Amino acid sequence: MYDAQDRPLEGVRLEGGALVRDASSLPLESGGGADLQAEQWTGVKLRGVFDRCTRDETMEFPISARIVATTMHPDLPGVWEYRVEVQDPRLSEPGMEPVFVSLCKDDEPALVVPGTWDEKGVHTTGNGLFSFACPDTAAAKCADPWNYHPGYAEQNPTILALYDACIRMSTADYCGDGVSATEPGTPIDVWDSARIEEPCSQEGQHFEAAWTREGAVCMHHPRWPKLLRQECRAKIRRCDSPEEAQKLVSPGTPLIFNSSAVRSSGRNNVREGTVRAWEEPAGRKGRGEE
């Protein structure tokens, strides 16, 4: 991260759901004083690397980005949203001003969540890295509108485990190996053993599965049977209720549950191979859809 004069910003960290900068760091010439908080992030530049974030999973290339607006989240205390633009090298000509495009669809703001995901969908935190999660991603939807924002993990230690389990559930990554078996916009209902979310009766839906950060603990049915690989399905135990699922894990293990209808599929809109928690194509269409 860099300020308006291209000086590196030291002491940056993610605190709850907001980017902050230590007050002991050098002051910024661009204003905002030494303690960079909340709306003062507008204009900050970012440099990084796109790594396995494209259809060509071997592609890595440097990127330049910038925060162009920040807003306080309307429903989540202490959480901020960041509108980010990324330089598009395809539109930027030598000798001309660089061209920036919105990171998220429809110029929507992104949430900031701790850590990164690997090609198997394993979420790693505590490494000082963070991710921008656009609203149409599993990483964002599990934070809001589902209420498992990992920024609240300090107040509730079960949140991070539920957040990771929610991403496996949202992407229908039954075997926890990074392979998704769902379609965008599939209606589901979500709740959990910690009662952060409560079940909501949905006509035509039935208990589907129980989830941890490793994938499905057990399953009654897949939401899209034709999309679930047989070798994965053979590994998952059968259960018919959350109560049965809870007996299969150690006492106190937090679980995500979901219900869905059994559906047939004519085509698969979800790319095979890797869970893209930060770019899952399903739209944010409300609490009852993934």
Side-chain angles (χ1 to χ4, degrees), residues 1-51 53 62-87 100 102-104 107-117 123-135 137-164 166-167 196 277-279:
M1 288 188 166
Y2 298 81
D3 67 9
Q5 285 71 43
D6 288 321
R7 297 178 303 172
L9 294 179
E10 304 294 340
V12 174
R13 69 186 187 280
L14 185 59
E15 189 174 281
L19 294 170
V20 298
R21 179 172 178 260
D22 292 336
S24 59
S25 302
L26 291 174
L28 296 176
E29 293 180 5
S30 58
D35 193 8
L36 194 62
Q37 303 270 359
E39 69 277 1
Q40 296 169 359
W41 284 93
T42 298
V44 167
K45 303 174 184 178
L46 307 103
R47 296 173 190 164
V49 175
F50 266 121
D51 181 10
C53 293
I63 61 166
S64 296
R66 60 192 182 191
I67 298 173
V68 296
T70 62
T71 53
M72 184 180 295
H73 195 284
D75 301 316
L76 300 177
V79 174
W80 284 73
E81 298 178 303
Y82 301 83
R83 192 158 64 83
V84 178
E85 293 182 343
V86 180
Q87 184 177 349
F100 286 82
S102 178
L103 175 68
C104 301
D107 208 24
E108 292 186 292
L111 296 176
V112 179
V113 294
T116 57
W117 286 261
H123 185 204
T124 300
T125 60
N127 52 11
L129 301 177
F130 62 85
S131 297
F132 286 105
C134 292
T137 65
K141 288 182 287 185
C142 285
D144 171 59
W146 296 318
N147 293 303
Y148 307 112
H149 197 295
Y152 295 142
E154 191 170 319
Q155 299 100 299
N156 185 347
T158 65
I159 282 287
L160 188 56
L162 289 170
Y163 177 71
D164 290 346
C166 178
I167 289 179
I196 295 172
W278 50 92
E279 62 168 4

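These numbers come from a predicted model, not from an experiment.
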A.B. asks: Side-chain contact, heavy-atom cut-off 4.5 Å: Gln87 with Ile63?
C.D. replies: no

A.B. asks: Show, in sequence, the C-alpha distance, side-chain angles and deciding distance for Glu81 and Thr70, and conclude whether the side chain to side chain contact (heavy atoms under 4.5 Å, CB included) test is met.
C.D. replies: CA-CA 6 Å; Glu81 298 178 303; Thr70 62; over 6 Å; no

A.B. asks: Measuring only between side-chain heavy atoms, which start at C-beta, is Leu162 closer than 4.5 Å to Trp146?
C.D. replies: no

A.B. asks: Give me the atom names and distance for the closest heavy-atom approach of Tyr82 to Val112.
C.D. replies: CD1-CG2, 3.4 Å

A.B. asks: Side chains of Ile159 and Ile196: closer than 4.5 Å at any heavy-atom pair?
C.D. replies: yes

A.B. asks: Which heavy-atom pair separates Ala143 from Tyr163 by the least distance, and what is that distance?
C.D. replies: N-CE1, 4.0 Å

A.B. asks: Please list, chain by chain and in numerical order, all residues satisfying ring pair (Phe, Tyr, Trp, His ring centres under 6.0 Å) with Tyr2, sequence neighbours excluded.
C.D. replies: none

A.B. asks: Heavy-atom distance under 4.5 Å between the side chains of Val113 and His123, does that happen here?
C.D. replies: no

A.B. asks: Quick check for you: to the nearest 0.5 Å, what is the distance between Trp117 atom CH2 and Thr124 atom OG1?
C.D. replies: 10.0 Å

A.B. asks: In sequence, state the C-alpha distance, the side-chain angles, and the governing distance for Phe132 and Cys104, and then conclude on side chain to side chain contact (heavy atoms under 4.5 Å, CB included).
C.D. replies: CA-CA 9 Å; Phe132 286 105; Cys104 301; over 6 Å; no

A.B. asks: Which heavy atom of Ile167 sits nearest to which heavy atom of Cys142, and what is that distance?
C.D. replies: N-SG, 3.5 Å

A.B. asks: Taking the side chain as everything from C-beta on, heavy atoms only, tell me whether Asp144 gets closer than 4.5 Å to His149.
C.D. replies: no

A.B. asks: Of the non-hydrogen atoms in Asn127 and Gly115, which two are nearest, and what is the gap between them?
C.D. replies: OD1-CA, 4.2 Å

A.B. asks: Flag the pair Asn147 / Tyr152 as yes when at least one side-chain heavy-atom distance between them is below 4.5 Å, and no otherwise.
C.D. replies: no

A.B. asks: Find the distance between CD (Glu108) and SG (Cys134) and round it off to the nearest 0.5 Å.
C.D. replies: 8.5 Å

A.B. asks: Among pairs that include at least one residue of residues 64-78, which meet salt bridge (charged side-chain N to carboxylate O under 4.0 Å, His left out), considering only residues two or more places apart or in two chains?
C.D. replies: Arg66-Glu85

A.B. asks: If you look at every heavy atom in Arg21 and Trp41, which pair is closest and at what distance?
C.D. replies: N-CZ2, 4.2 Å

A.B. asks: Would you name the heavy atoms of Ala69 and Thr42 that are closest together and state the gap between them?
C.D. replies: CA-OG1, 3.7 Å

A.B. asks: Go through the steps for Ile67 and Leu19 under the test side chain to side chain contact (heavy atoms under 4.5 Å, CB included), then give the verdict.
C.D. replies: CA-CA 11 Å; Ile67 298 173; Leu19 294 170; 4.3 Å; yes

